[in-house]
Amino acid sequence: MKFNTKLIHGGVSIDETSGAMSIPIHMASTFKQKTIGESQYEYSRSGNPTREAVEKLIADLENGHSGFAFASGSAAISTVFALFSSGDHIIVGNDIYGGTFRLIDSVLKRMGMTFTIVDTRDLDAVEAAVRDNTTAIYLETPTNPLLRITDIKGIAQIAQQHHILSIVDNTFATPYIQKPIDLGSDIVIHSASKYLGGHSDLIAGLVVTKNAELSEKVGYLQNAIGAILSPQDSWLLQRGMKTLSLRMQRHLYNAQVVFDYLSTQADVARIYFPGDPQNTDFTLASKQMAGFGAMISFELVAGLNPEKFVSRLNVITLAESLGALESLIEIPSKMTHGAIPRDTRLANGIQDELIRLSVGVEDIDDLISDLDQSFKQLKS
Ligand SMILES: *Cc1c(COP(=O)(O)O)cnc(C)c1O
C-alpha cells in the first residue's frame, strides 16, 4: 500500500467483530484469560486493542517494525532515554525542543548520563564527538525553532559504524514528508500532539522502532514505566491521523505562499524556512524531504516590536504548539524556549526577537491579509 492508502486502511482500521468502520474504544483495564496466559491481551498498560490500532498505524506509516503510544511526546522521549544507563554518553542536536533540553539538563544528567551538544548538520563534528561510552545520537530535523536540516542518512551511517543508535524526533516533518527509518535511523519519535493529532485537542507521543530487538526493549520499557496513551486518546489520535495527507498538502501550500509573501516584506530582516533557495540547508532539504514543512520562523528588522506584531493578528492565534489546523504564532524566547538559559539560546542563534509561525490550513488570502494588517500597524 502507498502512503495515503495506508493512512486510511493501515494499522487496524475496521472492527473485525462488528464490521464497524470506526474502531471501538476499549475501556477495559483487564481481559478474560481462557486458561492462564491464554489471551491476546492481559492488562491495558501492557496492551490495549485501541492503543494497538494506532501503534500499528504509525509503524506502517514510518516503515518500522513496531509502534508504541504514550501519554505525551515527552513521555515517549523519556521512555526512549530509559534505554540508557548511568555512565552512558549521548550526542544531542543543539537546536532541540525546549522540553527535551529540560529533560536532559535537569533529569537525565542527574541520573548519571552525559551529553555532548553538537550542531548535527556538521557530520565531522558528530563523528568527533563519539566516545567509547557513546550509546546514541539524538536529533530533530527540521529543528525547532530555526528549522535547520540534518542529513539523517549521514548520521545513521556514523551511528552504524560505531554500533550506536540514531534517534530522530520526526515531529516537525511527519512521515508524510520524511521517513527516517528508510534513511537508516533506528528509532523515530513523535509528539503526536502536533501534526499527527492535528486538531489542537490531544496530547500524545509515538515511538517507532526499526527492528524486533529494539521493539522488545521499547515494549518492555513502555510497560515498565507505564506512561501509556489512554484508549480514548488512542482513538482520537488515529482518527486525526487519517487526514494527515490532506492536511499536509494544504499546510505545505499555505506555507510556501506565506514564505513568498514574507520574502517581499521590507520589515522582515531574516527568514528561516528550509524551502528558501538561499537557505544553506536548501539542497539537503530538497533531497531528504518530500516538502519543506509548514513552519516558518522570522525576525523583524531592528527596532520593530515582535510582541506588538504577534498580538495584533486576528486570524493567526498567539499560542504555543504547532501543527494544528489553526495557524499559531509565538515568540520562542518568551514562550516555547523560555526554559533555555538566554546565553545558551543566543549562542544557538535564537534571538530574543525571533517569531515562529506554524502555518495552518485556513484560506491563504485570510492569512496573508492578517499578516499584512499587522505589518501596516507596526509603522503607526
Ligand atoms: C511538542 C514537542 C515535543 C514534546 O511533546 P509533548 O506532546 O508536548 O509532550 C517533543 N518534540 C518536539 C519537536 C515537539 O515539538
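Whatever order the structure lists ligands and atoms in, that order sets their numbers, starting from 1.
Remark: the S215 side chain and the S66 side chain contain an N/O donor-acceptor pair separated by less than 3.5 Å. A donor-acceptor pair shorter than 3.5 Å can be found between the side chains of E55 and Q222. Looking only at atom types and distance, the side chain of E326 has no donor-acceptor partner in the side chain of H199 under 3.5 Å away. Residues S263 and D260 bring no donor and acceptor atom of their side chains to less than 3.5 Å of each other.
Clustering of Ile, Leu, Val, Met, Phe, Trp and Tyr side chains at separations under 4.5 Å leaves Y43 isolated, with no partner residue.
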Contact table, ligand 1 N/O with protein N/O, distance under 3.5 Å:
unit_1: ligand 1; atom_1: 5 (O); unit_2: S191; atom_2: OG; d: 2.9
unit_1: ligand 1; atom_1: 7 (O); unit_2: G73; atom_2: N; d: 2.8
unit_1: ligand 1; atom_1: 7 (O); unit_2: S191; atom_2: OG; d: 2.9
unit_1: ligand 1; atom_1: 7 (O); unit_2: S193; atom_2: OG; d: 2.6
unit_1: ligand 1; atom_1: 9 (O); unit_2: G73; atom_2: N; d: 3.2
unit_1: ligand 1; atom_1: 9 (O); unit_2: S74; atom_2: N; d: 2.8
unit_1: ligand 1; atom_1: 9 (O); unit_2: S74; atom_2: OG; d: 2.7
unit_1: ligand 1; atom_1: 11 (N); unit_2: D169; atom_2: OD2; d: 2.7
unit_1: ligand 1; atom_1: 15 (O); unit_2: K194; atom_2: NZ; d: 2.7

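Distance alone, capped at 3.5 Å, is enough to place a donor-acceptor pair between the S297 side chain and the P145 backbone.
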